[in-house]
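Order of appearance sets the numbers: ligands from 1, and atoms from 1 within every ligand. The analysis underlying the following values was restricted to heavy atoms, covering all of them including side chains, and did not include hydrogens, waters or symmetry mates. In this chain, numbering begins with 1 at the start of the sequence shown.
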Amino acid sequence: MKMEMTPEDKKTLLDSVPETFLSRDRAFHELSARLADAAREGDRTGQEKLFNQMVAACTECHAKHALDRFPGLAAVE
Ligand code: HEC
């Protein structure tokens, strides 16, 4: 079955997740777009820096919003 979100589904989702989660998600997408740019430009130092920031963003978001899934991160907070 093909899963598609109606505009109503999307609104329900956006209303139910905290703003902090949305801003982390936006920051994360922004970082990944910048990483793609750095890769296209062949900027190796930039790629290394952005990649590290992106991996840190994965852990940070999981520690704040996905402790059920990653209980080990509770100690990191
Ligand atoms: C904006 C928040 C956020 C960011 C950024 C984020 N995640 Fe997650 N991630 C989540 C949440 C919330 C869950 C828990 C979903 C659940 O409970 O099933 C999750 C779950 C996961 C899981 C487990 C999926 C499963 O099937 O149980 C993996 C693997 C994962 N993330 C990898 C990553 C990686 C790798 C990155 C970075 C490249 C990343 N995530 C960035 C929020 C985020």
Legend entry - atom 5 (C) of ligand 1 protein-contacted, heavy-atom criterion under 4.0 angstrom: yes
Legend entry - Shortest protein contact, atom 27 (O) of ligand 1 (heavy atom only): Arg69 NE, 2.4 Å
Inset, instruction - Give a yes or no on whether a salt bridge exists between Asp37 and Arg40, defined as a side-chain N under 4.0 angstrom from a carboxylate O. - result: yes
Inset, instruction - Return the number of protein N, O or S atoms with a distance to atom 8 (Fe) of ligand 1 smaller than 2.8 Å. - result: 1
Inset, instruction - Grab the two heavy atoms, one from Thr59 and one from Leu73, that are nearest each other, plus how far apart they are. - result: CG2-CD2, 3.6 Å
Legend entry - Sidechain-backbone polar pair: His65 side chain, Cys61 backbone, donor-acceptor under 3.5 Å: no
Inset, instruction - Assess whether atom CD of Glu48 is packed by more than 12 heavy atoms of other residues, nucleotides or ligands within 6.0 Å. - result: no
Inset, instruction - Decide yes or no on side chain to side chain contact (heavy atoms under 4.5 Å, CB included) for Glu60 and Arg24, but give the supporting numbers first. - result: CA-CA 9 Å; Glu60 193 189 299; Arg24 280 201 172 86; 3.0 Å; yes
Legend entry - Non-hydrogen side-chain atoms of Met5 and Leu13 separated by less than 4.5 Å: yes
Inset, instruction - Please could you name the atoms of ligand 1 that Asp25 approaches to less than 4.0 Å, counting only its heavy atoms? - result: 1 (C)
Legend entry - atom 42 (C) of ligand 1 touched by protein (heavy atom, under 4.0 Å): yes
Inset, instruction - Answer yes or no: does an N/O atom from Arg24 fall short of 3.5 Å to an N/O atom of ligand 1? - result: no
Legend entry - Of Gln47, Glu30, Lys49, the residue whose pairing with Leu35 passes side-chain contact (heavy atoms from CB on, under 4.5 Å): Gln47
Legend entry - Per-atom contact, atom 18 (O) of ligand 1, protein heavy atoms, under 4.0 angstrom: no
Inset, instruction - Have a look at Phe51, Phe70, Phe21, Phe28 and point out the one with the heavy atom closest to atom 22 (C) of ligand 1. - result: Phe70
Inset, instruction - Could you list all the salt bridge (Lys or Arg N to Asp or Glu O under 4.0 Å) pairs where at least one residue sits in residues 14-23, not counting sequence neighbours? - result: Lys11-Asp15, Glu19-Arg26
Inset, instruction - Please check if Leu50 and Val55 belong to a single hydrophobic cluster, counting links between Ile, Leu, Val, Met, Phe, Trp and Tyr side chain heavy atoms closer than 4.5 Å. - result: yes
